Trainee: 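Would you mind keeping the following structure in view while I ask a few things?
Keep in mind that what you see is a predicted model, and the values were worked out from it rather than measured.
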Amino acid sequence: MLKPPARHRRRHAGAALRRCAVTATAQAGPRGLLHSSVHYEEFDARWVTYFNKPDTDAWEWRKGMNNTLVSYDLVPEPKIIDVALWACRRLNDFASAVRILEGVEDKAGPHKEIYPYVIQELRSTLNELRISTPEELGLDKM
């Protein structure tokens, strides 16, 4: 059997991709793809509770950050980042605290207003914990 011309195949492939995108968008909320039974407040509360556990070790902290910051298509709320920074203090891990802030900036992507908002919301915690932002450390110039 003869294949249709390449331009014809591309047109059909584009339509299939658009159908997938429309389906995914219909299932997505404003903060990304989340299971429909998990509300945003429950999502935030679950991660605040996770990072507030006093017996969290470095491995559990990294696992939580990978699940919160990396795998979801969202920028975590400042209250989640706040408790994650306090967990870094309990673990005595300054480098991870700075990496959180770098990750937030990276996740914000082209939305340049998100990162300054998060830093503004976290400023009192950053001052209290004496954590410098990547910009204050000059890491944004590398």
Trainee: Identify, with sequence neighbours excluded, every residue that meets side chain to side chain donor-acceptor pair (under 3.5 Å) alongside Ser132.
Mentor: none
Trainee: Do His111 and Glu113 have side chains that get closer than 4.5 Å, going by heavy atoms?
Mentor: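 Touching, per the 4.5 Å side-chain cut-off.
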Trainee: Within a radius of less than 6.0 Å around CG of Asn92, do more than 12 heavy atoms belonging to other residues, nucleotides or ligands occur?
Mentor: no
Trainee: Taking the side chain as every heavy atom from C-beta outward, state whether Ile81 and Glu77 have any atom pair closer than 4.5 Å.
Mentor: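 Answer no - side chains too far apart.
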Trainee: What pairs with Glu135 under salt bridge (Lys or Arg N to Asp or Glu O under 4.0 Å), at least two apart in sequence or on another chain?
Mentor: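 None.
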Trainee: Quick one: salt bridge (charged side-chain N to carboxylate O under 4.0 Å, His left out) pairs with a partner in residues 96-111, sequence neighbours left out?
Mentor: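 The answer is Arg99-Glu102.
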Trainee: Over all heavy atoms of both residues, which pair between Asp93 and Ser96 is shortest? Give the atoms and the distance, please.
Mentor: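 Smallest interatomic distance, heavy atoms only, reads OD2-OG, 2.6 Å.
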Trainee: Look up atom SG in Cys88 and atom CD1 in Ile131, then write down how far apart they are to the nearest 0.5 Å.
Mentor: 6.5 Å
Trainee: Write out all pairs satisfying salt bridge (charged side-chain N to carboxylate O under 4.0 Å, His left out) with one or both partners inside residues 49-59, taking only residues at least two apart or from two chains.
Mentor: none
Trainee: Thr56: what forms a side chain to side chain donor-acceptor pair (under 3.5 Å) with it, not counting sequence neighbours?
Mentor: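 Thr56 satisfies side chain to side chain donor-acceptor pair (under 3.5 Å) with no other residue.
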Trainee: Can you list the residues that meet the salt bridge (Lys or Arg N to Asp or Glu O under 4.0 Å) rule with Arg123, with sequence neighbours excluded?
Mentor: Glu136
Trainee: For residues 80-89, which residue pairs qualify under side-chain hydrogen bond (donor to acceptor under 3.5 Å, both in side chains), counting only residues two or more places apart or in two chains?
Mentor: Asp82-Thr125
Trainee: Are any of the side-chain heavy atoms of Val104 and Ile119 separated by less than 4.5 Å?
Mentor: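 No, side chains not in contact.
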Trainee: Looking at CG of Leu74 and CD1 of Ile114, how far apart are the two atoms once the value is rounded to the nearest 0.5 Å?
Mentor: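 Here the interatomic distance stands at 10.0 Å.
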Trainee: With sequence neighbours left out, what residues match Asn66 under side-chain contact (heavy atoms from CB on, under 4.5 Å)?
Mentor: Val70
Trainee: By side-chain contact (heavy atoms from CB on, under 4.5 Å), which residues pair with Ala84, not counting sequence neighbours?
Mentor: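 Testing Ala84 for side-chain contact (heavy atoms from CB on, under 4.5 Å), a comparison that skips the adjacent residues, returns Phe51, Trp61, Met65, Ile100.
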Trainee: Step by step, work out the side chain to side chain contact (heavy atoms under 4.5 Å, CB included) result for Leu101 and Leu122.
Mentor: CA-CA 10 Å; Leu101 300 175; Leu122 295 174; 4.3 Å; yes
Trainee: Indicate yes or no: at least one non-hydrogen side-chain atom of Arg46 is less than 4.5 angstrom from one of Tyr50.
Mentor: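 With C-beta onward as the side chain, the pair stays apart.
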Trainee: How would you list, by chain and number, every residue that makes a ring pair (Phe, Tyr, Trp, His ring centres under 6.0 Å) with Tyr115, sequence neighbours excluded?
Mentor: none
